[in-house]
Protein chains: 2
Amino acid sequence: MGDEFCSCDIVHENVIEMVKKKMPQEEKLYDLAELFKVFGDTTRVKIISALFEAELCVCDIAELLHMTQSAISHQLRVLRQARLVKHRKEGKVVFYSLDDEHIKNIFNQGLKHILEPRGFEYALQ
Amino acid sequence: MGDEFCSCDIVHENVIEMVKKKMPQEEKLYDLAELFKVFGDTTRVKIISALFEAELCVCDIAELLHMTQSAISHQLRVLRQARLVKHRKEGKVVFYSLDDEHIKNIFNQGLKHILEPRGFEYALQ
DNA sequence: TTAACATATGAGCAATTGTTCATATGAACA
DNA sequence: TGTTCATATGAACAATTGCTCATATGTTAA
């Protein structure tokens with residue numbers, strides 16, 4: 001028994017079967033990773049964080065983050081495609097804002113983890 | 001006024017100042033991005049998802065995900081360093097489990113976003 | 001229409017990342 | 001002690017990513 005993927009013999013087959021049955025579909029987990037990937041960049045996190053406070057145009061964000069308009073525009077595209085921001089045009093100016101109530105929750109849960117005091121065992125790592 | 005970062009003149013200075021004051025420290029946002037980066041990989045998401053169901057040894061995970069022991073071990077290292085999993089040794093075997101109550105919340109909030117029906121405007125993108 | 005401007009986008013490049021392969025570590029047992 | 005086995009780790013390589021630069025798009029005003 002056991003695939004070629006692990007050389008070991010002590011695989012706990014019954015536990016594996018149980019876990020396999022309970023796990024979400026592969027596709028959902030893939031999408032989930034794709035979503036978190038979007039949150040996994042400092043620039044994008046900053047943009048999201050800024051949009052919590054106010055609707056902003058591309059130039060505002062560029063100015064705020066001290067980055068080029070192009071760089072911001074590229075990242076806004078990623079955020080748009082992930083359905084995290086929406087935009088509203090007013091003449092030449094495009095205003096961006098957050099598009100989802102879940103975003104703040106995801107964000108805050110993440111912050112809770114970050115701010116949690118580190119246990120003893122981790123001080124050693 | 002305005003830095004060299006954005007060529008535009010219509011920057012909303014007052015809004016920018018307000019947002020700048022309200023935003024979390026740069027360092028916290030960096031750490032947050034680092035955390036989400038860990039969630040932003042299919043293999044790691046699968047590992048976390050599996051550990052929701054049961055404590056597993058490295059070989060179990062490798063078998064479950066049809067991946068090599070080495071690949072899994074490398075990823076467990078990343079998860080350990082992000083304080084997302086903890087390990088327990090029993091002889092030669094190392095059992096991994098989740099290390100944080102927040103993880104499930106982050107995960108579930110992400111799933112809510114994924115599962116949300118897409119709005120009309122996004123069908124066009 | 002033409003000029004000016006706000007934003008979007010494609011190509012290119014450097015930096016980062018995830019896997020594989022080979023090997024090291026460290027525990028159990030003969 | 002030496003062997004076996006479960007896991008960890010370093011180097012190398014391919015794939016991905018985020019930025020820059022140049023330019024395209026689309027809107028406003030002269």
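A, B, ... follow the sequence lines: proteins, then strands. Residue 1 opens every chain.
- Comparing atom distances between the Lys37(B) side chain and each of dA8(D), dT19(C), dT17(C) picks out dT17(C) as nearest.
- Ile103(B) and Leu84(B) get closest at one heavy-atom pair: CD1-O, 3.2 Å.
- Proximity of Arg77(B) to the phosphate of dT7(D): no side-chain N or O atom is located under 4.0 Å from OP1 or OP2.
- Annotation: His113(A) is not in aromatic contact with Phe39(B) [ring centroid separation under 6.0 Å not met].
- The CE atom of Met67(B) sits 19 Å away from the P atom of dA6(D) (whole-angstrom rounding).
- Gln69(B) contributes no side-chain N or O that forms a donor-acceptor pair with the base of dA6(D) under 3.5 Å.
- The CG-C1' distance, from Asp41(B) to dT19(C), rounds to 10 Å in whole Å.
- Rounded to an integer number of Å, the gap from Gln75(B) CD to dT7(D) P is 16 Å.
- Per the geometry, CD1 belonging to Ile61(A) stands 13 Å off P belonging to dC19(D), to the nearest Å.
- Judged by distance alone with a 3.5 Å cut-off, no donor-acceptor contact links the side chain of Thr43(B) to the base of dT19(C).
- Across all non-hydrogen atoms, the minimal contact from Ile114(B) to Arg83(A) is O-NH2, 4.0 Å.
- Between Tyr96(B) and dA8(D) there is a side-chain polar atom (N or O) within less than 4.0 angstrom of OP1 or OP2.
- Salt bridge status for Glu26(A) with Lys46(B): present, with a side-chain N to carboxylate O gap under 4.0 Å.
- Within 4.0 Å (heavy atoms only), Phe95(B) reaches no atom of the nucleic acid at all.
- Protein atom CG of Leu65(B) is 14 Å distant from nucleotide atom C1' of dT19(C), rounded to whole Å.
- Side-chain proximity of Val58(A) to dT9(C), dA8(D), dA8(C): nearest is dA8(C).
- Aromatic pair His102(B)/Phe107(B): centroids not less than 6.0 angstrom apart.
- With a cut-off of 3.5 Å on both pairing distances, the Watson-Crick or G-U wobble partner of dT28(D) is dA3(C).
- Of the candidate nucleotides dT9(D), dC5(D), dG18(C), dC5(D) has the atom nearest to the side chain of Lys92(B).
- For Ser70(A), whose side chain is taken as the heavy atoms from C-beta onward, the closest listed nucleotide among dT7(D), dG26(D), dG10(C) is dG10(C).
- For Thr68(B) against dC21(C), no side-chain N or O and base N or O form a donor-acceptor pair under 3.5 Å.
- Under 3.5 Å, the side chain of His74(A) and the base of dT20(D) form at least one donor-acceptor pair of N or O atoms.
- In this structure, Asp60(A) places its CG atom 11 Å from P of dA6(C), rounding to the nearest Å.
- Ion pair Arg88(B)/Glu90(B) flagged as a salt bridge, since at least one NZ, NE, NH1 or NH2 atom sits closer than 4.0 Å to an Asp/Glu carboxylate oxygen.
- Look at CG on Leu76(B): it is 11 Å from P on dT9(D), rounded to the nearest Å.
- For the pair Val78(A) and Gly91(A), nearest-nucleotide mapping onto DNA chain D gives the more 5' position to Val78(A).
- Rounded to a whole Å, the CZ atom of Arg44(A) is 9 Å from the P atom of dT17(D).
- Among dA6(D), dG26(D), dT20(C), the nucleotide with an atom closest to any side-chain atom of Val93(B) is dA6(D).
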